[in-house]
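Each remark here refers to the structure printed beneath this line.
Quick note: residue numbers are just sequence positions, from 1. Keep in mind that this is a model prediction, so the values were computed, not measured.
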Amino acid sequence: MSPAFEETDDSLTAPTSPPPLHFAEQALLGALVLDPALAAEIDLEAEHFDNRTHSALFAAMRTVPPPDPEQHRENADWLAAVHAEARPQAPALPHTYLHTLVQACPRPEHAAAYAWMIRADHARRTVRAHADRLAQTTADTTLPHRIEATVAQADRLGDLLDQLAGRFAPHPGSLPRTPLPPDTVAEAGEEAVDDEQLLLATATQSPQAVETLRWLAPGDFTVPLYGSLWRCVTGLVHRGGAVDPVTVLWEAQQAGLLNGATTAQGLLDLLSDPHGEPDHWGTRIVARALLHRARTTGARILAFADDPATTPYQLITGSRRALADVSSLHARWHRATSPAPPAPAVQGRRTPPAIRAGPLPETVRKPRTGITR
């Protein structure tokens, strides 16, 4: 719950003008003061209120049995009982505030509309909290299984959006109009650059392995040049061409990748220095890409949620579209990390037991020169 416009121990008035939600909460509670029986009919929970005092009052109105309408018009016994019920959660709540709520309700018969506003803003805050957790999870290097935790948080956000989609009707212009923050460029750290260089070298040495790496895309690379080189390698493999450092160098020239910063000799040296296996380096690259995409998706959804002009359905639609990129990368990462299906046994011949490979040993990474990132 936002503390910006909450009642404090000193006063129930905020130092600056509250947002529209504050007045919607007051209007609804004022309608319930006038007609307590409405509290059981409103499709709302106390947790949906942003203001803690309003939340405590609504819970109290749900707890204290509604009075007889005639008696309610003649005395304030029900108001006193509601006030007493809410005080433990709102110690500074004065008796007069319930009368203030009545004055804040322009039309009691519009209680359902006020309740819809409260549900809409609660949906926005909930989506925002999930998106913020998604972004934080991607950056939490203390997690033992950061990829799995990130995917799980993205799934929880997707489930929330599915639940909310049934509560808010679609309307024309369902896409958010919020200006999006520019996508951050994935950090090309030393380890990421090294992984990408080693993949290119090992794939050039073992082109037969490239066919099993269809889950890796050029956009997964942190260095655009290396993503373009990966396209050169895969293009040769898919055409059935000869693959070695010289043929890949020629493809790079045809793709316009050679310039003053990227020399033919430097590129040849890079492609001629393999270590390890292509799938190992490829898996690390796609995992890093998944974390980056989840982080930028979280930032995009936060931008939608922080825009007060975004309707609930726009928030849901825009967030779903943003999450689709994460789902796509997750599917490719899953393919990369899933064990290959066993080869069919030849009839009449015993299949030798599979040998489980242990983890790859640490590869000695030699400094690489000649290629400017």
Check your understanding: When you measure from the side chain of Ser174 to the backbone N and O of Pro170, does any donor-acceptor pair fall under 3.5 Å?
Key -> no
Review point. Checking Ser328 side chain against Asp325 main chain: does a donor-acceptor pair fall under 3.5 Å?
Key: no
**Study point:** All salt bridge (charged side-chain N to carboxylate O under 4.0 Å, His left out) counterparts of Asp121, not counting sequence neighbours
**Key:** Arg124, Arg125
Point to revise | Donor-acceptor under 3.5 Å (His238 side chain, Thr234 main chain) | key: yes
Check your understanding: Short question: side chain of Thr247, backbone of Ala242 - any donor-acceptor pair under 3.5 Å?
Key -> yes
Practice item. Compute whether any side-chain donor of one residue and acceptor of the other, for Asp269 and Gln265, lie under 3.5 angstrom apart. Key: yes
Check your understanding: Can a donor-acceptor pair be found between the side chains of Thr202 and His275 at a distance below 3.5 Å?
Key -> no
Review point. Does anything in residues 100-132 pair up under ring pair (Phe, Tyr, Trp, His ring centres under 6.0 Å), and if so which pairs, sequence neighbours excluded?
Key: His48-His122, Trp116-Phe168
Review point. Hey, are Arg293 and Thr296 close enough side-chain-wise for a donor-acceptor pair under 3.5 Å?
Key: yes
Check your understanding: Do Leu79 and His99 have side chains that get closer than 4.5 Å, going by heavy atoms?
Key -> yes
Check your understanding: Leu268 and Tyr226: same hydrophobic cluster, using ILVMFWY side-chain contacts below 4.5 Å?
Key -> yes
**Study point:** Val33 with Phe23, same ILVMFWY side-chain cluster at under 4.5 Å
**Key:** no
Review point. Glu251 and side-chain contact (heavy atoms from CB on, under 4.5 Å): which partner among Val233, Val243, Leu236?
Key: Leu236
Check your understanding: Is the backbone N or O of Gly173 less than 3.5 Å from a side-chain atom of Gln314, with the two atoms forming a donor-acceptor pair by type?
Key -> yes
Review point. Within a radius of less than 6.0 Å around CZ of Arg335, do more than 12 heavy atoms belonging to other residues, nucleotides or ligands occur?
Key: yes
Review point. Taking the inter-plane angle between the rings of His54 and Phe49 on a 0 to 90° scale, is it parallel (under 30°), tilted (30 to 60°) or perpendicular (over 60°)?
Key: perpendicular
Practice item. Can you measure from CZ (Arg167) to CD (Gln163) and round to the nearest 0.5 angstrom? Key: 6.0 Å
**Study point:** Distance, nearest 0.5 Å, that separates CG of Leu225 from OG1 of Thr262
**Key:** 4.5 Å
Practice item. Look at the side chain of Ser55 and the backbone N and O of Ala46, then say whether any donor-acceptor pair between them is shorter than 3.5 Å. Key: yes
Review point. Quick check: does any side chain N or O of Thr310 sit under 3.5 Å from a backbone N or O of Asp306, one acting as donor and the other as acceptor?
Key: no
Review point. Do side-chain atoms of Arg146 reach the backbone of Thr141 as a donor and acceptor pair under 3.5 angstrom?
Key: no
**Study point:** Arg288: which of Thr283, Asp195, Asp220 passes side-chain contact (heavy atoms from CB on, under 4.5 Å)
**Key:** Asp195
Point to revise | Asp43 backbone acceptor or donor facing Arg119 side chain under 3.5 Å | key: yes
Check your understanding: For Thr150 and Thr137, does a side-chain donor sit closer than 3.5 Å to a side-chain acceptor?
Key -> no
Review point. Any sub-3.5 Å donor-acceptor pair from Thr100's side-chain atoms to Thr96's backbone N or O?
Key: yes
Check your understanding: To the nearest 0.5 Å, what is the distance between CG (Leu229) and CG (Leu271)?
Key -> 6.5 Å
Revision key, fill the gap. CZ (Arg214) and OG1 (Thr212) are apart, to the nearest 0.5 Å, by 9.5 Å
Exercise for review: Using a cut-off of 6.0 Å, state whether more than 12 heavy atoms not belonging to Arg87 lie near its atom CZ.
Suggested key: yes
Practice item. Determine whether the side chains of Gln136 and Arg133 contain a donor N or O and an acceptor N or O closer than 3.5 Å. Key: no
